[in-house]
Engineer: 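Pasting a structure below so you can have a look.
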Amino acid sequence: MDKRPHPVSVWHYFSRFFFLLAVPVIQAILREPFSKVAWGNLPGLLLVAGLSFFQYDTSGYGIGPRDGGAGEKRPYLRLKSGLFYRRQKILPADCLTSAMIRSTPLLGALGASQLILDTPAADSRKPSADLYLNRAMLSGWWRRMKRDVHYRYRASQARIFLMAASWSNPASGLVLVGILLDRTGKILGEELSRSLYAAANQSARLVALGLPPAVAFLGWLLAFGWFAAFVTQFFRYGSFSAGKTPRGILIERGILFRSRQYLKDRAVRAVSVRQTLMMRVLRLSSVYLHTIGSGREKDDRSLLLAAVSQEELEFHLNRIYPMDAECLLTGRHERKISPPRTALKSFLLLPVCHLLAVVILFLLCRAFAPFFAPLVLFLLVFPLYHTALHIAAWKESFLAVSGKNLVACGYIRDQLFTAVIPRESLQCLVIRQNPFQRASGRCSLRLCIGTERGACFTLRHFSRKEAEAFLGLSG
């Protein structure tokens, strides 16, 4: 028999037009309760709300066994939805790769939690199933899953703090704040946005403390962007823990907004260790699980160990994924290739070009717009950081064979990585050459465990002949 999701699901069916209509109506009613403007948009608001309630009333889900042939019964989840066009979706339980329970203070107060189910065969931008169910029921299921945990790792808040501080950058923080202010302004009106921007501008003046206003404002902006990114990362991964079960792994994380995820072992396609330069100086690293069939774009990356030392990494990984730990930690490989020593110029080409561009921009501003010249100096931080990162990548990059696994070491954006990729997980191998690499006989390798756009590990500036011989492609 089909069951109905939690009543809070009505919120999920509300369109954005409901909020665009609701806020002006509420504001008008509070200011002038008997005006024509206050009640003129009310019928449209009620129509949108009524359609949402009818859509919720026609939705449902059911769990039961399905005949899989030869008398075999396969459990499945059936979802139905649609007000005018009916739709049913059948998800076999053995095809699910991950299940995530999300809890927020608001949902908790209403007695609900969000359940997100994923399979590889679904829309890459949407989960296979997204339900709001009774919180007590989902919590009971999670407690039953935790009974099978035979090893648990729990990260300290101090390590989460270090990890968030290391990974945060001003650009991502400013993007998050900009999106938040933009959406807040659209929903609650431009007056709130203007007041927030005015408060930020006044704060910048207070922080100046005798510095040129433009320099002080940019410094404040970068600091605020970093702080916003740091707070987001810290609250996302706070109270982190991971538990290994015989068939998968349970991950819990989040402060206020709590996420609990179950990943099946067959969804894990690779294990990687990542470091920023700050974490490298502190001799700390984080471990990730790369999965197929879960998360955004169906090739998610889930944190497993947060900012652990080499000894802690060896201790925990040997008890969770011992085969991958042996490949990552022993350093014993059957075959191994690295970029040639002469490839240093190729690694430094892009950072040096960025550095020269900043210097030229500084000289131009100094000659024609001295007021903006100090602002340009802040931009030197980024090419200098990437220069140091690329030098470290030049020293550390390699591709090796260890038993049935490939071990790849390189860099991605602002992090160094070392990944263990089982050979059966490698879906595609792409060899690329730009004009400079063609002239020098070098190439970039993309090891894809999912789509070519998604879960890939890129190794740069390897000798093409050596790479083809190593991979058995020279013939």
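Position 1 is the first residue of the sequence; numbering continues from there.
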Engineer: Looking at every non-hydrogen atom in both residues, tell me the closest pair between L389 and Q415 and how far apart they are.
Structural biologist: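 Nearest heavy atoms, L389 then Q415: CD2-N, 4.1 Å.
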Engineer: Could you report the tightest heavy-atom contact between D265 and P246, atom names first, then the distance?
Structural biologist: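 Scanning both residues completely, I find the closest heavy atoms to be OD2-O, 3.8 Å.
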Engineer: Specify whether F227 and F230 have parallel, tilted or perpendicular ring planes, treating 30° as the upper limit for parallel and 60° as the lower limit for perpendicular.
Structural biologist: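 Aromatic pair F227/F230 classed tilted.
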Engineer: Rounded at 0.5 Å granularity, tell me how far CZ in F315 sits from OH in Y153.
Structural biologist: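 Between atom CZ of F315 and atom OH of Y153 there are 12.0 Å.
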Engineer: Under a 4.5 Å cut-off applied to non-hydrogen side-chain atoms, are R269 and Q427 in contact?
Structural biologist: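 They are in contact (side-chain heavy atoms under 4.5 Å apart), so the answer is yes.
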Engineer: Counting distance only, does the side-chain N/O of H6 pair as donor-acceptor with the main-chain N or O of L110 below 3.5 Å?
Structural biologist: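 It does hold such a pair.
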Engineer: Quick one: are M278 and D414 in side-chain contact, heavy atoms under 4.5 Å?
Structural biologist: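 No; the side chains remain at least 4.5 Å from each other.
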Engineer: Could you check if a side-chain atom of L416 sits within less than 4.5 angstrom of a side-chain atom of R280, using non-hydrogen atoms only?
Structural biologist: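 Yes, side chains in contact.
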Engineer: Show your reasoning for whether side chain to side chain contact (heavy atoms under 4.5 Å, CB included) applies to L399 and L447.
Structural biologist: CA-CA 10 Å; L399 177 63; L447 309 175; 3.9 Å; yes
Engineer: Around R266, counting heavy atoms of other residues, nucleotides and ligands shown, do more than 12 lie under 6.0 Å from its CZ?
Structural biologist: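 Count over threshold, so yes.
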Engineer: For side chain to side chain contact (heavy atoms under 4.5 Å, CB included), just list the numbers for Y288 and L303, CA-CA rounded to whole Å, side-chain angles, deciding distance to a tenth of an Å, and then say yes or no.
Structural biologist: CA-CA 5 Å; Y288 279 94; L303 182 67; 4.0 Å; yes
Engineer: Run the numbers on L250 and M145 for side chain to side chain contact (heavy atoms under 4.5 Å, CB included), then give the verdict.
Structural biologist: CA-CA 8 Å; L250 302 178; M145 294 291 293; 4.1 Å; yes
Engineer: Kindly determine whether R283 and Q310 satisfy side chain to side chain contact (heavy atoms under 4.5 Å, CB included), including the steps that lead there.
Structural biologist: CA-CA 7 Å; R283 297 185 178 182; Q310 186 69 16; over 6 Å; no
Engineer: Spell out, as yes or no, whether a donor-acceptor pair under 3.5 Å connects the side chain of K3 to the backbone of I63.
Structural biologist: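 It does not hold such a pair.
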Engineer: Crowded around F161 CZ? As in, over 12 foreign heavy atoms under 6.0 Å?
Structural biologist: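 It does not: F161 CZ has 12 such atoms or fewer within range.
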Engineer: For atom OH of Y151, is the number of surrounding heavy atoms from other residues, nucleotides or ligands below 6.0 Å larger than 12?
Structural biologist: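 Yes, enclosed.
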Engineer: I want to check something: taking the side chain as every heavy atom from C-beta on, are D57 and R4 in contact at a cut-off of under 4.5 Å?
Structural biologist: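 A side-chain contact exists here, since the closest heavy-atom pair is under 4.5 Å.
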Engineer: Output yes when a side-chain donor or acceptor of R159 lies under 3.5 Å from a complementary backbone atom of A307, and no otherwise.
Structural biologist: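 Side chain of R159 to backbone of A307: a pair is present.
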Engineer: If you compare all heavy atoms of A99 against all heavy atoms of W141, which two are closest, and at what distance to 0.1 Å?
Structural biologist: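 Closest approach of A99 to W141: CB-CH2, 4.1 Å.
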Engineer: Hey, are the side chains of E252 and K146 touching, using non-hydrogen atoms and a 4.5 Å cut-off?
Structural biologist: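 Sidechains of K146 and E252: in contact.
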Engineer: So, does T104 use its side chain to make a donor-acceptor pair with the main chain of L107 at under 3.5 Å?
Structural biologist: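 Yes.
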Engineer: Below 4.5 Å, heavy atoms only, C-beta onward: do L459 and F398 meet side chain to side chain?
Structural biologist: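 No - every pair of side-chain heavy atoms lies 4.5 Å or more apart.
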Engineer: On a heavy-atom basis, which atom in K89 and which in P127 lie closest, and how many Å separate them?
Structural biologist: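 Closest approach of K89 to P127: NZ-O, 4.5 Å.
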Engineer: How far apart are the closest heavy atoms of S113 and R135, and which atoms are they?
Structural biologist: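 Distance-wise, the nearest heavy atoms are OG-CG, 3.5 Å.
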Engineer: With a cut-off of 6.0 Å (strictly less than), are more than 12 heavy atoms of other residues, nucleotides or ligands near CZ of R413?
Structural biologist: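 Not buried by this count: 12 neighbours or fewer within 6.0 Å.
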Engineer: Nearest 0.5 Å please: distance from the CG atom of L117 over to the OH atom of Y262.
Structural biologist: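 Rounded to the nearest 0.5 Å, the CG-OH separation comes to 12.5 Å.
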Engineer: Can you check whether L263 reaches T97 side chain to side chain, under 4.5 Å on heavy atoms?
Structural biologist: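 The answer is no, as the side chains (C-beta and beyond) never meet within the 4.5 Å cut-off.
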Engineer: Quick one: OG on S425 to NZ on K404, what's the gap to the nearest 0.5 Å?
Structural biologist: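 Answer for the OG-NZ pair, S425 versus K404, is 12.5 Å.
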Engineer: Measure the spacing between CZ of R460 and OG of S397 and express it to the nearest 0.5 Å.
Structural biologist: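 The distance works out to 9.0 Å.
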Engineer: Would you give the length of the straight line joining atom CE of M279 to atom OG of S285, rounded to the nearest 0.5 angstrom?
Structural biologist: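 Reported to 0.5 Å precision, the distance equals 6.0 Å.
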Engineer: Could you tell me whether a side-chain N or O of R260 sits under 3.5 Å from a main-chain N or O of S139, the two making a donor and an acceptor?
Structural biologist: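 No; zero donor-acceptor contacts below 3.5 Å.
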Engineer: So, K264 and D118, do they make that salt bridge, N to O below 4.0 Å?
Structural biologist: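 A salt bridge is absent here (no side-chain N lies under 4.0 Å from a carboxylate O).
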Engineer: Check whether any side-chain heavy atom of Y237 sits under 4.5 Å from a side-chain heavy atom of M163, and report yes or no.
Structural biologist: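 Yes - at least one pair of side-chain heavy atoms lies under 4.5 Å apart.
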Engineer: Just wondering, are more than 12 heavy atoms of other shown residues or ligands nearer than 6.0 Å to CZ in R423?
Structural biologist: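 Yes, the 6.0 Å shell around CZ holds more than 12 heavy atoms from other groups.
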Engineer: Do you know which two heavy atoms are closest between S239 and I255, and how far apart they sit?
Structural biologist: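 Closest heavy-atom pair between S239 and I255: OG-CG1, 4.2 Å.
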Engineer: Please round to the nearest 0.5 Å and tell me the distance separating atom NE2 of H290 and atom CG of L304.
Structural biologist: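 H290 NE2 to L304 CG: 10.5 Å, rounded to 0.5 Å.
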